[in-house]
Amino acid sequence: MIDTLAVVGATGAVGRIIVDMLVARKFPARRIKLLASARSAGKPMTVGDTSFDVEEMRPESFAGVDIAIGSTPDEVAAEFVPWAVERGTVVVDESAFYRMNPDVPLVIPEVNPDAIATHKGIIASPNCSTTQMVMVMKPLHDAARVKRVIVSTYQAVSGAGLAATDELRQASQGWLAGTAEPRQVFPHPIAANLIPQIGSPKPNAFTSEEMKMVLETRKILGDDSIQVSPTCVRVPVANGHSESILIETEKKLTADEARRLLAGFPGIVVIDDLTAKQYPMPRECSGRDEVFVGRIREDISCPTGIAMWCVSDNLRKGAATNAVQIAELLATRGGARA
Ligand SMILES: NC(=O)c1ccc[n+]([C@@H]2O[C@H](COP(=O)([O-])OP(=O)(O)OC[C@H]3O[C@@H](n4cnc5c(N)ncnc54)[C@H](OP(=O)(O)O)[C@@H]3O)[C@@H](O)[C@H]2O)c1
């Protein structure tokens, strides 16, 4: 049991789920403190029977805080994390800002839990598309060594924050009615459309989101030889990211072997019966903490390829669940404030 846990960015798309989850999972802290920007200061938040007042985040907010879960934009994380670490707080950060810092472990608790013990005050939680892909890669990598992955993502609008979900709703109404469609968050119409760009362009013509999938995967699995070729696409789905993944291994795996390995891995649920039209889809996976996989088949273009379809709630395992799991390990195994 720790004394105080703070959620920074508690009013955001991910932050609200973190707060719900901390209450539902009875997080072992005597006190939970909610922080956000000055815009939210003083706003009440109620979860079940528990009421909180959101406080404006300042450097002094971290005095006496053992663990902070940060769920803010990158530039906010860049500013507040040093304030917290200076005061002895261990920060579990959802933003991309610290993920590739060599002093910061990048952790998926089912995949590399031991990396937590190496922290120097900051632990990063990976990008949502990376997390669900690495979850399915891990059991296949352990059994047959993954050489190469070709992945196309179908990413829900909730991955772009609360304002994006409003934009999908209003734009869809506008598109159906033939009236104006708001366009504040996305650079193109999101209703009845697909946008093949998430993040900024990189010199190699991939996007920042795609390069996160390449670099974070290698860091989490501790293997720089793994080749990843991603294409990230924003789709007009409210919540839950989907991915078409082709995994090429060194040793051949049959589809049955891959299915067994995936079904036996913690946090993965296999739904795979094409004849019965059973496979994971974002609407049924939204609100769940697991990573769902189906359409598992031996590839017909390379002899050691396994193709599959993977869906996960980006706000939960892709963000909130993963960070809360890390914080639970810190609180129960020790490793928070000395
Ligand atoms: N959405 C996803 O699927 C997902 C998945 C993985 C990782 N992430 C990462 O998680 C982080 C949060 O994402 P989100 O989708 O939840 O974003 P969001 O809905 O836009 O929420 C942002 C949160 O940050 C707070 N904030 C903004 N400026 C602040 C400041 N100056 N001081 C204190 N708090 C401030 C906001 O507070 P106010 O309400 O007061 O403005 C809000 O609580 C991002 O780094 C994102 O990349 C998101």
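Counting starts at 1 for both ligands and their atoms, in listed order. Everything numeric in this text was worked out from a predicted model, so none of it was measured.
Both the backbone and the side chain of Val14 come within contact range of ligand 1, each with a heavy atom under 4.0 Å. Of the heavy atoms in Met57, only side-chain atoms (C-beta onward) come closer than 4.0 Å to ligand 1. Counting heavy atoms closer than 4.0 Å to ligand 1, residue Ser158 contributes backbone atoms (N, CA, C, O) but none from C-beta onward.
Nearest protein heavy-atom contact of atom 31 (N) of ligand 1 is Val76 CG2, 3.9 Å. Scanning the protein heavy atoms around atom 21 (O) of ligand 1, the nearest turns out to be Gly12 CA, 3.2 Å. The nearest heavy-atom contact from the protein to atom 27 (C) of ligand 1 is Arg39 NH2, 3.6 Å. In terms of protein heavy atoms, atom 19 (O) of ligand 1 is closest to Ala13 N, 2.9 Å. Annotation: atom 10 (O) of ligand 1 to nearest protein heavy atom, Glu94 CB, 3.6 Å. Among protein heavy atoms, the minimum distance from atom 5 (C) of ligand 1 is reached at Ala319 CB, 3.5 Å. Closest to atom 6 (C) of ligand 1, if we only count protein heavy atoms, is Gly318 O, 3.3 Å. Given atom 36 (C) of ligand 1, the protein heavy atom at minimum distance is Thr11 OG1, 3.9 Å.
If you take OG on Ser125 and OH on Tyr98, they are separated by 15.0 Å, rounding to the nearest 0.5 Å.
A side-chain donor from one of Gln155 and Glu209 sits under 3.5 Å from a side-chain acceptor of the other. Using modelled atom types, one finds no donor on one side chain facing an acceptor on the other under 3.5 Å when comparing Gln278 with Asp272.
The Asn314 neighbourhood of ligand 1 comprises atoms 3 (O), 5 (C), with distances under 4.0 Å to a heavy atom of that residue.
Partner of Asp223 under the salt bridge (Lys or Arg N to Asp or Glu O under 4.0 Å) criterion, chosen from Arg218, Lys138, Arg145: Arg145.
Salt bridge annotation for Arg87-Glu60: absent, with no cationic side-chain nitrogen under 4.0 angstrom from a carboxylate oxygen. Classification of Arg288 and Asp313 as a salt-bridged pair fails, no side-chain N sitting under 4.0 Å from a carboxylate O. A salt bridge between Asp224 and Lys219 is absent, with no side-chain N of the basic residue lying under 4.0 Å from a carboxylate O of the acidic one. For Arg58 and Glu56, the salt-bridge test passes: some basic side-chain N is under 4.0 Å from an acidic carboxylate O.
Here the shortest heavy-atom distance to atom 45 (O) of ligand 1, taken over Thr72, Asp93, Val54, Asp74, belongs to Thr72. Of the listed residues (Ala323, Ser71, Gly161), the one carrying the non-hydrogen atom nearest atom 22 (C) of ligand 1 is Ser71.
In this structure, Tyr279 has its ring center no closer than 6.0 Å to that of Phe292.
The presence of a protein heavy atom under 4.0 Å from atom 39 (O) of ligand 1 is confirmed.
More than 12 heavy atoms of other residues, nucleotides or ligands shown are found within 6.0 angstrom of CH2 on Trp83.
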